[in-house]
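Right, one structure below, let's go through it.
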Amino acid sequence: PGHADFGGEVERVLNMASGALLLVDAAEGPLPQTRFVLKKALGDILVRGKEILLSYFKNYEDNMSRNVRVKYRVVDARLQINDDDIKLTGEVDLINYLDNSLSNIEVVDFKTGRAKTRNDILGKTKNADGNYYRQLVFYKILLSITQPKWNIKLATLDSVEPDKSGKFHRESFDVTDEEVEELKKIIEKSSQEISTLSFWESKCDNQTCEWCALRTSLDEKEFENGLF
């Protein structure tokens, strides 16, 4: 931490990463330079965050609905699939009531970081996996259990940061019943794999998967044979 370039490196990494872990020597503790660099880097991030939020609100302030519910949290929804009773939890960033009936709604999920295109969200680009869209489908499952009278008209992913050209992206979708049933099957399969521990014997096709590497490292036989 005493190196002259250390501060600049920390700032550059924190601007690129979604998070960081600070390791401090248990004997020496945080050194003065560590405190200074971290304080400055986090201060710069805070300033940038305020600038981003101000820009976002200026862009949408004329179209913001006041009839909303913020941070709707669900802690004990029960999904019934065949004989399984699966507990679901989640938190929707924003519920937007579309009319005075309070039954027709839009669910909104805010995202920071690089603005996502519609194809990014749907998993149709090279490095996308479709998890952003599955999150929106999951919200529909969650709310259909806890608020069956709500009619989810739209599910929206709202990127708080603009793209490189300064344009904000807000993509809305009509989640279908077929997509809901497909995700329910995935949830059921995952729940069964966890309860029976059968997931432990399966690995993905990604050769750089950290979870598969951890799984391999804990396998005594493979470890002894030098496969990890």
Side-chain angles (χ1 to χ4, degrees), residues 11-21 41-75 77 88-98 104-147 150 152-176 179-180 182-184 186-187 190 206 209-211:
E11 292 174 31
R12 280 190 286 273
V13 169
L14 287 178
N15 284 329
M16 294 186 293
S18 59
L21 178 65
L42 293 179
D44 291 343
I45 291 176
L46 183 60
V47 170
R48 172 166 167 73
K50 290 180 178 179
E51 292 174 349
I52 290 171
L53 287 177
L54 181 60
S55 176
Y56 173 86
F57 281 112
K58 282 184 176 180
N59 186 73
Y60 288 118
E61 61 181 347
D62 294 334
N63 298 314
M64 283 187 173
S65 172
R66 270 49 175 183
N67 194 14
V68 299
R69 186 170 182 174
V70 181
K71 291 296 181 182
Y72 180 78
R73 190 176 185 185
V74 177
V75 296
L88 303 178
T89 63
E91 184 175 84
V92 182
D93 287 339
L94 184 139
I95 305 292
N96 181 21
Y97 297 101
L98 299 177
N104 296 316
I105 68 166
E106 172 192 21
V107 298
V108 181
D109 187 23
F110 294 106
K111 294 297 182 187
T112 57
R114 182 180 64 85
K116 304 295 185 295
T117 67
R118 195 172 187 87
N119 284 335
D120 284 336
I121 298 168
L122 292 171
K124 294 182 178 180
T125 54
K126 182 178 180 181
N127 297 318
D129 54 18
N131 283 337
Y132 286 111
Y133 187 68
R134 273 189 287 275
Q135 183 69 47
L136 298 177
V137 179
F138 178 74
Y139 287 151
K140 185 167 184 175
I141 294 175
L142 203 62
L143 297 181
S144 68
I145 298 171
T146 59
Q147 297 288 350
W150 282 356
I152 302 176
K153 292 288 188 179
L154 293 172
T156 300
L157 194 144
D158 196 348
S159 295
V160 178
E161 297 185 42
D163 60 20
K164 293 181 179 179
S165 65
K167 180 181 178 181
F168 286 89
H169 291 260
R170 177 182 283 176
E171 300 291 345
S172 296
F173 304 86
D174 178 12
V175 178
T176 67
E179 290 168 333
V180 167
E182 180 181 351
L183 184 55
K184 282 183 179 179
I186 294 175
I187 293 173
S190 299
N206 183 359
C209 176
E210 296 178 355
W211 300 109

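The first residue of the sequence shown is numbered 1, and numbering continues consecutively from there.
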Name the atoms and distances for all side-chain donor-acceptor pairs under 3.5 Å in residues 57-64, with sequence neighbours left out.
none

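- Shown here are the side-chain contact (heavy atoms from CB on, under 4.5 Å) partners of Ser144, two or more places apart in sequence or in another chain: there are none.
- A search for salt bridge (charged side-chain N to carboxylate O under 4.0 Å, His left out) contacts involving Arg134 returns nothing, not counting sequence neighbours.
- Checked against side-chain contact (heavy atoms from CB on, under 4.5 Å), Ser165 has the following partners two or more places apart in sequence or in another chain: Asp163, Lys167.
- Applying the salt bridge (charged side-chain N to carboxylate O under 4.0 Å, His left out) criterion to Glu161, with sequence neighbours excluded, gives Arg48.
- With sequence neighbours left out, Phe173 forms a ring pair (Phe, Tyr, Trp, His ring centres under 6.0 Å) with Tyr133.
- Here the options are Ile141, Thr146, Val74, the test is side-chain contact (heavy atoms from CB on, under 4.5 Å), and the partner is Leu88; only Ile141 passes.
- A salt bridge links Asp93 with Lys71: at least one charged nitrogen is closer than 4.0 Å to a carboxylate oxygen.
- Atoms OG1 and CD, from Thr156 and Glu106 in turn, are 3.5 Å apart once rounded to the nearest 0.5 Å.
- A search for side-chain contact (heavy atoms from CB on, under 4.5 Å) contacts involving Arg73 returns Val75, Glu91, not counting sequence neighbours.
- Every residue two or more places apart in sequence or in another chain was checked for a side-chain hydrogen bond (donor to acceptor under 3.5 Å, both in side chains) with Asn119, and none qualifies.
- Applying the side-chain hydrogen bond (donor to acceptor under 3.5 Å, both in side chains) test to Ser159 and every residue at least two apart in sequence or in another chain returns nothing.
- With sequence neighbours excluded, the residues that form a side-chain hydrogen bond (donor to acceptor under 3.5 Å, both in side chains) with Arg170 are Tyr56, Asp158.
- Sorted by first and then second residue, the pairs that involve residues 118-129 and meet salt bridge (charged side-chain N to carboxylate O under 4.0 Å, His left out), not counting sequence neighbours, are Arg114-Asp120, Arg118-Glu171.
- Atoms CG and CG, on Leu98 and Asn67 in that order, are 9.0 Å from each other to the nearest 0.5 Å.
- Remark: Lys111 pairs with Asp109 by the side-chain hydrogen bond (donor to acceptor under 3.5 Å, both in side chains) rule, at least two apart or across chains.
- Looking at every heavy atom in both residues, Pro162 comes nearest to Ala115 through C-CB, 4.2 Å.
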Point to revise | Residue pair Ile95, Val107: steps toward the side-chain contact (heavy atoms from CB on, under 4.5 Å) verdict | key: CA-CA 5 Å; Ile95 305 292; Val107 298; 3.9 Å; yes

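- Val160 approaches Phe168 most closely through the heavy-atom pair O-CE2, 3.0 Å.
- A donor-acceptor contact shorter than 3.5 Å is absent between the side chain of Lys140 and the backbone of Val180.
- Taken to the nearest 0.5 Å, the OH atom of Tyr72 stands 13.5 Å off from the CG atom of Leu94.
- A heavy-atom distance below 4.5 Å is found between the side chains of Leu143 and Ile105.
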